[in-house]
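Single-structure report; data block below.
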Amino acid sequence: MEKREVVKILSEISTLLELKGENPFKSRSYSNAARVLEGTPDDLAALTSDDRLEGLKGIGEGIGKKIRELATTGTLVYYEELKSGFPPGILEMLRIPNLGPKRVKILYEKLDVKSVAELEYACNENRLLTLPGFGEKSQDNILKGIELVRRSSNQFLFSDAWEEAEPLLEALRASRKVAEASVAGSLRRRKEVVKDIDIVAASEHPEDVMDLFCTHTSVDEVLEKGSTKSNVRLKCGIAVDLRIVPVEAYPFLLHHMTGSKNHNIAMRSRAQKMGLKMSEWGLFDKSGRSMACRDEKEIFAALGLDEIQPEMREDMGEIEAAEEHALPALISREDLAGVLHCHTHYSDGISTVEEMVKRAAELGFAYIGISDHSQSAGYAGGLKEADLQKQWKEIEQVQRKYPSIRILKGTESDILVDGSLDYPDAILRKFDFVVASIHSRFNMDEDEMTARILKAIENPYTTIVGHPTGRLLLGRDPFKVNIDKMLTAARKRGVAIELNANPQRLDLDWRFLKKAKEMKVAITINPDAHSVHGISDVEYGCGIARKGWLEAGDVLNTKDAAELTRFAEAHRGHS
DNA sequence: GCCGTTTTCGGCCCGACTGTTTTCAGTCG
């Protein structure tokens, strides 16, 4: 069984326990265990082979045993029994906003409603009005919620949410009544996919600011409006929360709303153990006196911690590291010396070689790697040998015109079904670098796919494995590959692993980056640009690299072009 | 169900808003 499936079952158990009305802390321990398991880079087989599983904080004897049962037998008696107590459609009702386990339980027990469709029917017959705790408003809101769930998946790419957040933030900052404002929540933490947008502000006139916010042109509907908190839905479908506090509480609000939830719980538990109480309003001692903090750094310091960057606040070891002064100095966009993996109109890009080079130079890069698709990639206009000759000539001309930036000749070669690359060696050796990527037969089983990729890694001409799991966020699941084996082979052979910065990919996932770093595997943050605009996508990649605790030294394209070509040459020397 | 520099038992983060209620439960983050 895949770890992903175990994670799903654990969180489902958590939900079912809530529905059952069990001890909420018991339910929480299952969702916590699911999160912890998801966050560890190791696969299930590695975790269950020794005592490492129960060593994870949040997985004890009980849940550990259940995970082992799932890993060895593929099923879990406890889960099956729990599940059989409820009709199968009941979980989908929980996706409706503002409808939680308590009220779903009432709907099921009193009205025998077992699915979203039945719930809709019951609403239309006004049958909810008779229930305790329900009224006309709730019934209307549930109908609206059903509409919303049907219309969208309720999840958005980071890049899309970011683009919506920026004008809102600018409008707030432009107001004289706003002292400070920032994006918070998962967007500030740079999660690859977000559910909503959180914005925080400091103001002495919160009502006026709320009015400004709720009447912004991008707002479609005001869902909630108070003096310190409002919630709206934008025309594009994303919900936005705005919280406002006075200036002195602002750093606490910013920290609180940035989360993650589990990071906050850990921070507040820590405060509690120190005899303090922490909330979005401040940090208070036993007598209720508030301790002034001018920024987040001072909040962390008050709890005996180094400042933790927002991207790392996932309660995945950052608090322990902050306590031991062992936090990494995270990479930033300015650390990148050059960009690799760029397409042009020769294959499926839309910009010319010169346009791409000019743009990269404007962005301050010292080199750019052109890597169009290879000959078998008919779907993307892959280059035949004659096209390559033509492109190389063109690159040499452009190079003369732009002496300040080095142009590297590369290719994004398909990894063919048998693991070989898509050009003969005589051509491959002419490239400065080769990105090897899977673009076909995604449905292979794990052993086959792993063998296919390992063979590509062993090819002396491979420099980088491109988008190593092939996922499309909100679109296509990653293909099955043993990441551990891939990283081990990459390290051994001196091949880099791509962190593809396209906002739809962001692949390799940040949860594996930390592991790659520990294994000293070189990572390249590549734009996979298909136009001049795509080059700056490396910014998204840097956000994900930071979530994976990467420092400048862990990333290959922070080095200069000479070092990069030496890296490529070194692998060729291996053969 | 998990966990322990107060504890192996008894805790488990904290507050805002809504809708339903006459003081609060449910939901969310």
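Residue numbers begin at 1 in each chain, while the letters A, B, ... track the order of the sequences. Only heavy atoms go into these numbers, but all of them, side chains included; no hydrogens, no water, no symmetry mates.
Distance check on atom P: dT23(B) versus dC13(B) gives 29 Å, rounded to whole Å. Comparing the C1' positions of dC14(B) and dC9(B) gives a spacing of 25 Å, expressed to the nearest Å. The separation of dT27(B) from dT21(B), taken at their P atoms, amounts to 15 Å, rounded to a whole angstrom. dC17(B) and dG4(B): their P atoms are spaced 36 Å apart (whole Å). dG15(B) and dT5(B) have their P atoms separated by 25 Å, with the value rounded to a whole Å. When the C1' atom is compared between dT7(B) and dC12(B), the two are found 13 Å apart, to the nearest whole Å. Remark: the separation of the C1' atoms in dT18(B) and dG10(B) is 34 Å, to the nearest Å.
Taking side-chain N and O atoms only, Asn231(A) has no distance below 4.0 Å to OP1 or OP2 of dC28(B). Contact check, Ser138(A) against dT20(B): a side-chain N or O comes under 4.0 Å of OP1 or OP2. At dG15(B), none of the side-chain N or O atoms of Arg268(A) fall inside 4.0 Å of OP1 or OP2 (strictly under the cut-off). In terms of phosphate contacts, Lys261(A) brings no side-chain nitrogen or oxygen within less than 4.0 Å of OP1 or OP2 of dC28(B). For Ser269(A), no side-chain nitrogen or oxygen approaches OP1 or OP2 of dC12(B) to under 4.0 Å. The side chain of Lys229(A) places no N or O atom within less than 4.0 Å of a non-bridging phosphate oxygen (OP1 or OP2) of dG29(B).
Contact annotation: side chain of Asp196(A) to base of dG29(B), donor-acceptor pair absent below 3.5 Å.
When distances run from any side-chain atom of Gln272(A) to the nucleotides dT27(B), dC14(B), dA16(B), the shortest one goes to dC14(B). Of the candidate nucleotides dG29(B), dG15(B), dC13(B), dC13(B) has the atom nearest to the side chain of Phe25(A). Taking the side chain of Ile63(A) as heavy atoms from C-beta on, and the options dG29(B), dG19(B), dG1(B), the nearest nucleotide is dG1(B). If you check dT27(B), dC13(B), dA16(B) against the side chain of Asn98(A), the one that comes closest is dT27(B). For Lys26(A), whose side chain is taken as the heavy atoms from C-beta onward, the closest listed nucleotide among dG26(B), dG15(B), dG1(B) is dG1(B). Side-chain atoms of Lys66(A) lie closest to dG1(B) of the nucleotides dG15(B), dG19(B), dG1(B). The side chain of Arg103(A) has dT27(B) as its nearest neighbour among dT27(B), dT18(B), dC13(B). Side-chain proximity of Lys57(A) to dC3(B), dC12(B), dC14(B): nearest is dC3(B).
Among the protein residues, Leu99(A) comes within range of the sugar-phosphate backbone only, with heavy atoms under 4.0 Å from sugar or phosphate atoms but none that close to a base. Among the heavy atoms of the strands, none lies under 4.0 Å from Lys65(A). Lys105(A) comes within 4.0 angstrom of nothing in the nucleic acid, heavy atoms only. Note on Asn32(A): nothing from the nucleic acid sits closer than 4.0 angstrom, heavy atoms only. Counting any heavy atom pair closer than 4.0 Å across all strands shown, Pro101(A) reaches sugar-phosphate atoms only and no base atom. Contact annotation for Gly259(A): no contact, since no heavy-atom pair falls under 4.0 Å across all strands. Using a 4.0 Å heavy-atom distance criterion, Met267(A) is classed as making no nucleic acid contact.
Rounding to whole angstrom units, CG of residue Asn264(A) and P of dA16(B) are separated by 15 Å. If you take NZ of Lys144(A) and C1' of dG19(B), they are 14 Å apart, rounded to a whole angstrom. Phe284(A) places its CZ atom 8 Å from the P atom of dG15(B), with the value rounded to the nearest Å. Between the CG atom of Asp241(A) and the P atom of dG15(B) there is a distance of 18 Å, given to the nearest Å. The distance between atom CG of Leu187(A) and atom C1' of dG29(B), rounded to the nearest whole Å, is 15 Å. One interatomic measurement links the two molecules: CG of Asp315(A) to P of dG29(B), which rounds to 19 Å at whole-angstrom precision. Rounded to a whole Å, the CZ atom of Phe134(A) is 11 Å from the C1' atom of dG19(B). Computed from coordinates, the Leu254(A) CG to dG15(B) P distance equals 18 Å when rounded to whole Å.
Across the interface with DNA chain B, nearest-nucleotide mapping of Lys273(A) and Ser227(A) shows Lys273(A) to be the residue nearer the 5′ end. With the nearest nucleotide of DNA chain B identified for both Asn23(A) and Lys195(A), Asn23(A) has the one nearer the 5' end.
Salt bridge Asp306(A)/Lys297(A): absent, no basic N to carboxylate O contact under 4.0 Å. Salt bridge Glu318(A)/Arg313(A): absent, no basic N to carboxylate O contact under 4.0 Å. With respect to the salt-bridge test (charged N to carboxylate O, under 4.0 angstrom), the residues Lys177(A) and Asp208(A) qualify. Glu311(A) has no carboxylate O lying under 4.0 Å from a charged side-chain N of Arg188(A), or vice versa, which leaves the two without a salt bridge. Classification of Glu54(A) and Arg68(A) as a salt-bridged pair holds, one side-chain N sitting under 4.0 Å from a carboxylate O. Comment: Lys517(A) engages Glu551(A) in a salt bridge, judged by a side-chain N to carboxylate O separation of less than 4.0 angstrom.
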Between Asp528(A) and Asp537(A), does the side chain to side chain contact (heavy atoms under 4.5 Å, CB included) criterion hold? Intermediate values first, please. CA-CA 8 Å; Asp528(A) 197 358; Asp537(A) 282 354; over 6 Å; no
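Contacts classified as ring-ring contact (aromatic ring centres under 6.0 Å, His included) and involving residues 262-320 of chain A (residues at least two apart or in different chains) are given here: His255(A)-His263(A), His255(A)-Phe300(A).
Base pairing of dT8(B) is not made with any nucleotide, judged by Watson-Crick or G-U wobble geometry with both donor-acceptor distances under 3.5 Å.
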